[in-house]
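As the structure lists them, so they are numbered: ligands from 1, and atoms in each ligand from 1. Residue numbers count from 1 along this sequence. The figures here come from the full heavy-atom set of this structure, side chains too, leaving out hydrogens, waters and symmetry mates. This structure is a prediction, so every number in the text was calculated from the model and none was measured.
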Amino acid sequence: MKFTKHWNVKKTAQNMAIPGSGQVANSAGGFAWEITPWQRLDRFLVLGTEGGSYYISEQKLTEANAITLVSLIKSDGEKVVARIVEISDSGRAPKNDPAIFALALAAAYGDVPTRQAAFAAVPKVCRTGTHLFQFVAEAEGVRGWGRGMRKAIQRWYNQTPIDDLTYQAIKYQQRGGWSHRDLLRLAHPKPLTVEHKALYKWIVDGEVTAENARLQAFEQLKTTRNVKQAVRLITDHRMPREVVPTELLTEAKIWEALMESMPMTAMVRNLANMTRVGLLQMKSAATKKVVEQLSNPDRLKRSRIHPIALLLAHATYSVGRGMRGQNTWAPIPSIVDALEEAFYKAFEFVEPTENRYLLGLDVSGSMSMCTVAGTPLSACAASTAMAMVTMQTEPYCMPMAFADQFRAIPLTKRMRLSDAMLHTQAVNFGGTDCALPMEYARKHKLEIDTFVVYTDNETWSGRIHPAQALMEYRQATGIPAKLVVMGMCSNGFSIANPADPGMLDVVGFDASVPQALREFVLS
Ligand code: CA
């Protein structure tokens, strides 16, 4: 009998824990490390749990995340709130919903200072009326109405500048079972200005007074069918699309007026509509404006638009056909290109490190089943896009796909995003061995400084753990190679050994990924 067959720290099959390493079972029958609660918080805030994963249902994944969150809130609640604000406010997450839920948990389970911090953070995290409705709905599921809650809502209404507040109040009067009227009645904010007072009166009683010209315009717009008049009202009073009568939305002139003050996210979402009504033409001023805005990094940053929103808009707009219904349009090539460029620009620009990278994409079956942040994008499509982001900056990148064996993929820097994603989606099957990128590089003598592995960390089929394969690679080549794990699913596992400073866990599709990568590589 050979004892190291059963206790070997250098070569351990992935269906067993590395002896003494503290690894735990993942959901796929393999072993990995558990990430820290703080890392889990970040994964949850960025990736959410919508749609669940290949192995775990949405309900179970949410439950598991909520349990971690609540215990973190109980041990260090104020720090949790600060993290929620940081990620929500910086626009690093594709969706704000996880941040709102986490904030509601902090307002329910935190100690007194935490609850105060959570309520004080409401305006920072709930930046629109819809966010506020969501917060109230989530909070109602975990706590009662109390003084803190009422005061937070009072502050939200009283401290939002009247212009923005009116805009919010007319855009969506109600969403998800809550209305501004409900909230004003429950919270009773005492208006601090006459304008606020007039607005509250309109929200509660529907009474329009002379103090608020925008409300008057809104009431007129609701009933008019005259294009000229509607255009004037939209232009003079910055009206959102949501308040324009549906019959008027087939008019290019109306969209032209709306575009004047349309937020970036709305513009991106309405590109197909604006093309269909004939406003966006190959050579029109409106198209020029769209392309200019999409090419402006400052504008992209200020709008907090997440790269994933641009990626999705690109995917939808470029096919010229809606997902549901018979809507078709002829996509304008310059806009398709601008959307792709904007996707890259929406990430923080970083200087190249000139490291030699191996970008290892997990294309196993599970990566096509888990979606990212409630979008139709699979974890696999999302990781391909993330790999392309690194390829735009770094001159030395070797892309590679793997499942339970190596699969070559011909990604290059100049390849179109949509083509790149097709290449990886076409090969989505098989078991998972996250050690393959390191093993392949060792066997084929590839000189690599940094391995980046895009995965859901549900690895199970290899003869050796990824962390061990990295050690072998370091020993064989003499290169002190590092490993970055891009977690593409909000579970609690990682193939990165937390005790090895040369391994890092990053949340895939965090808009700050390029920066985190650069800092780690240079550290
Ligand atoms: Ca898998």
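- Using cut-offs of 30° and 60° on the angle between ring planes, the pair His306 and Phe509 is tilted.
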Q.
Working note: Arg43 + Asp505, criterion salt bridge (Lys or Arg N to Asp or Glu O under 4.0 Å); need CA distance, chi angles, decisive distance, verdict.
A. CA-CA 10 Å; Arg43 273 195 198 174; Asp505 250 288; 3.0 Å; yes

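- Excluding waters, the set of protein N, O or S atoms lying under 3.0 Å from the Ca ion (ligand 1) comprises Ser364 OG, Ser366 OG, Thr432 OG1.
- Comment: Arg304 engages Asp89 in a salt bridge, judged by a side-chain N to carboxylate O separation of less than 4.0 angstrom.
- In summary, the aromatic rings of Tyr473 and Phe451 are positioned with their centroids under 6.0 Å apart.
- In this structure, Gln293 places its CD atom where more than 12 heavy-atom neighbours from other residues, nucleotides or ligands lie under 6.0 Å away.
- In this structure, His444 and Tyr440 have parallel ring planes: the angle between them is below the 30° cut-off, well short of the 60° mark.
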